[in-house]
Amino acid sequence: MSTAAEIKAFATKYGIKNVNLIQTKPLINGKWVTPAKAETFAVDDPATGDHLLHVINTPVDLVEQSIKDAKVAFDSFKKTTGRYRGGLLKKLHALMVENEEDLAKLCTIENGKALPDSRGEIKYGYSFFEWFSEEAPRINGDNISSADANRRILTYKQPVGVVGILTPWNFPTAMITRKMGAAIAAGCTAVVKPATETPLSALAIGYLAQQAGFPPGVFNLLPVDNERTKAVGSLFCESKLIKKVSFTGSTGVGKLLMGQSASTLKKLSFELGGNAPFIVFDDADLEKAVDGAIASKLRQSGQTCVCANRLYIQEGIYDKFAKLITEKVSKLKQGHGLEEGVTHGPLIHERAVEKVKSQIKDAVDKGAKVLFGGKPATNLGPLFHQLTVLGDVPRNAIVNTDETFGPLVPLIKFKTEEEVIELANNTDFECWYGWC
Ligand SMILES: NC(=O)c1ccc[n+]([C@@H]2O[C@H](COP(=O)([O-])OP(=O)(O)OC[C@H]3O[C@@H](n4cnc5c(N)ncnc54)[C@H](O)[C@@H]3O)[C@@H](O)[C@H]2O)c1
Ligand SMILES: O=CCCC(=O)O
């Protein structure tokens, strides 16, 4: 792991005021643990490729120990009142507010997103603690009418037990706080494996949870490298002590985890991939439609699960829309997320850059036109790809069916409402609301 001097130098370099937020060891049963044989992995700045700090690669036996510790902690934590747990979350919320700017910087440094985006994430992240601090005291059951006059039916809500939390790099703070807020409010304890790319944001929450007075074992943080991630994923799914797994990430990994959970019939909550359509009709307000499309499609350089993936533009407004979105995208600024004025940072890893490149090549080979960008931007850093607008994207291009998770804006022309509804719904991803 990084030495105290390295951590101090890192904090000074990036203007992080609260140096205690920077932790590089796993948090197990209320302690920052240094294993006997301390292997580490590097945390990189995706904008430059520089190794920033080294974090301990938690050994599997310590992960197992932390699951046992979380179970012991659960046996008393489950008996606490919702009001007590709400109080813990309230304190943690206040501490995150106090350390907001430092947390935002940490997020940008390891994830690459522009600082204003990270500030938004931290606010979004701590809002879950505020929300669940208010929900915790009001976890009520139901009194249900019975068909039999001699009976009463009551339901109680009880915590499920130890929860395994697996979070992604694209919201290194908010995906932990959302899952953890709910678990703690309910009276569960948690073992968390943060994304390998972004452990620092997670460990900073661990530090603040300690300051907020979380009892030992209630919230455990287990950073591991990519190789060990698979072993920890299957351990969480197959452990009899873990009663629920919550995961945000790719559909492929979600399927794997679901398969691994069969042996324990685990309760699962997953948030996976998507393929959202963005539809613009001829009578749309052009400015608003273009601004909305950019905000949705290019947020965090296209790396959020709620990004629009494919843009359907009606033929009457198509040319004007294509011209305006190209103009507006050309004014956005890519670069290091901490640099003033930068709106878009790098992608997270080489696989992400390759996916964008291959979807562009596929669409262009099938007849799409590059209206803006179209190439990697290695002049900015190894993981940058130009923000790209493709026009006349044919319907057989892969981008119609496969999520990009990158800065590619594909414009697909349509004629009628019936046609576009058919196209929009022609996807393996189900509509959540049952409207479509
Ligand atoms: N829904 C979301 O918010 C979200 C977030 C990130 C990524 N994604 C999806 O992931 C794709 C690209 O990102 P990626 O390739 O880094 O995704 P990924 O699924 O490989 O990684 C996401 C997270 O899952 C963890 N993970 C990976 N393999 C695991 C395993 N076997 N067991 C347990 N955890 C494991 C990783 O540490 C990472 O933090 C995107 O196309 C998108 O669909 C979705
Ligand atoms: O990227 C997906 C997570 C973002 C969210 O659900 O708010």
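Note that ligands are numbered from 1 as they come in the structure, with each ligand's atoms numbered from 1 the same way. Only this structure's heavy atoms are used, side chains among them; waters, hydrogens and symmetry mates stay out. Note that this is a predicted model, so its numbers are computed, not measured.
Only the side chain of Leu257 comes within 4.0 Å of ligand 1, judged by heavy-atom distances. The proximity of Thr167 to ligand 1, defined as any non-hydrogen pair under 4.0 Å, is limited to the backbone. In Arg299, neither the side chain nor the backbone holds a heavy atom less than 4.0 Å from any atom of ligand 2. Neither the backbone nor the side chain of Phe236 comes within contact range of ligand 1; no heavy atom lies under 4.0 Å. Contacts between Thr248 and ligand 2, counted as non-hydrogen atom pairs separated by less than 4.0 Å, are absent for every part of the residue. With a heavy-atom cut-off of 4.0 Å, Arg351 touches ligand 1 through its side chain alone. Of all the heavy atoms of His349, the ones lying under 4.0 Å from any atom of ligand 1 belong exclusively to the side chain.
Closest non-hydrogen pair, Thr58 versus Pro223, comes out as OG1-O, 2.6 Å. Across Pro35 and Ile56, no two heavy atoms sit closer than the pair CD-CD1, 3.5 Å. Scanning both residues, Glu403 and Gly273, for their nearest heavy atoms gives OE1-CA, 3.4 Å. Closest non-hydrogen pair, Ala363 versus Pro394, comes out as O-CD, 4.1 Å.
Distances shorter than 4.0 angstrom do not occur between any heavy atom of Gln303 and any atom of ligand 2. Distances from ligand 1 to the non-hydrogen atoms of Lys193 include at least one value under 4.0 Å. For Phe247, the closest heavy-atom approach to ligand 1 falls below 4.0 Å.
Looking only at heavy atoms of the protein, atom 12 (C) of ligand 1 is closest to Phe405 CD2, 4.2 Å. The protein non-hydrogen atom at the shortest distance from atom 6 (C) of ligand 1 is Pro168 CB, 3.5 Å. Remark: minimum distance from atom 33 (C) of ligand 1 to any protein heavy atom is reached at Gly233 CA, 3.7 Å. Distance from atom 22 (C) of ligand 1 to its nearest protein heavy atom, with residue and atom name: Gly249 CA, 3.9 Å. In terms of protein heavy-atom proximity, atom 4 (C) of ligand 2 is closest to Phe171 CE1, 3.5 Å. In this structure, atom 43 (O) of ligand 1 lies nearest to the protein heavy atom Glu403 OE1, 2.4 Å. Looking only at protein heavy atoms, the nearest one to atom 13 (O) of ligand 1 is Trp169 CZ2, 3.6 Å. What sits closest to atom 1 (O) of ligand 2 on the protein, heavy atoms only, is Cys305 N, 2.7 Å.
Near Arg178, the atoms of ligand 2 lying under 4.0 angstrom from a non-hydrogen atom of the residue are 5 (C), 6 (O), 7 (O). Every atom of ligand 2 with a heavy atom of Met175 under 4.0 Å away is listed here by number and element: 3 (C), 4 (C), 5 (C). Listed by number with element, the atoms of ligand 1 under 4.0 angstrom from any heavy atom of Leu256 are 31 (N). Taking every heavy atom of Thr304 and a limit of under 4.0 angstrom, the matching atoms of ligand 2 come to 1 (O). Those atoms of ligand 1 that come under 4.0 Å of a heavy atom in Gly273, given as number and element, are 43 (O). Annotation for ligand 2: atoms under 4.0 Å from non-hydrogen atoms of Tyr124 are 5 (C), 6 (O), 7 (O).
The closest non-hydrogen atom to atom 1 (N) of ligand 1, taken over Asn309, Thr196, Leu272, Asp402, comes from Leu272. The nearest non-hydrogen atom to atom 35 (C) of ligand 1, considering only Thr229, Asp225, Leu166, comes from Thr229. Proximity annotation for atom 20 (O) of ligand 1: of Asn226, Val253, Asn170, Leu235, Val253 comes nearest, heavy atoms only.
Applying the 6.0 Å contact sphere to NZ of Lys68 captures no more than 12 heavy atoms from other residues, nucleotides or ligands. At most 12 heavy atoms of other shown residues, nucleotides or ligands fall within 6.0 angstrom of atom NZ in Lys230.
Contact of the Thr229 side chain with the Lys193 side chain is registered, since non-hydrogen atoms from C-beta on lie closer than 4.5 Å. Between Arg85 and Ile139 there is a side-chain heavy-atom pair separated by less than 4.5 Å. By the 4.5 Å heavy-atom criterion applied to side chains, Ile205 and Phe219 are counted as neighbours. The shortest distance between side-chain heavy atoms of Thr378 and Phe384 does not fall below 4.5 Å.
For the pair Glu339 and Lys333, the salt-bridge criterion is met [side-chain N within less than 4.0 Å of a carboxylate O]. Lys91 and Glu98 are not joined by a salt bridge, as no carboxylate oxygen comes within less than 4.0 angstrom of a charged side-chain nitrogen. By the 4.0 Å N-to-carboxylate-O rule, Asp102 lies too far from Lys17 to be salt-bridged with it. In summary, Arg119 and Glu100 do not engage in a salt bridge, as defined by a charged side-chain N under 4.0 Å from a carboxylate O. The existence of a salt bridge linking Lys37 and Glu39 is confirmed by a sub-4.0 Å separation between a basic side-chain nitrogen and an acidic carboxylate oxygen.
Annotation: Thr248 places no N or O atom under 3.5 Å from an N or O atom of ligand 1; distance criterion only. Of the polar atoms of Ser250, at least one N or O is found under 3.5 Å from an N or O of ligand 1, judged by distance alone.
Ring centroids of Phe281 and Tyr312 are separated by 6.0 Å or more, keeping the two rings apart.
Checking side-chain atoms of Asp50 against main-chain N and O of Asp45 turns up no donor-acceptor pair under 3.5 Å.
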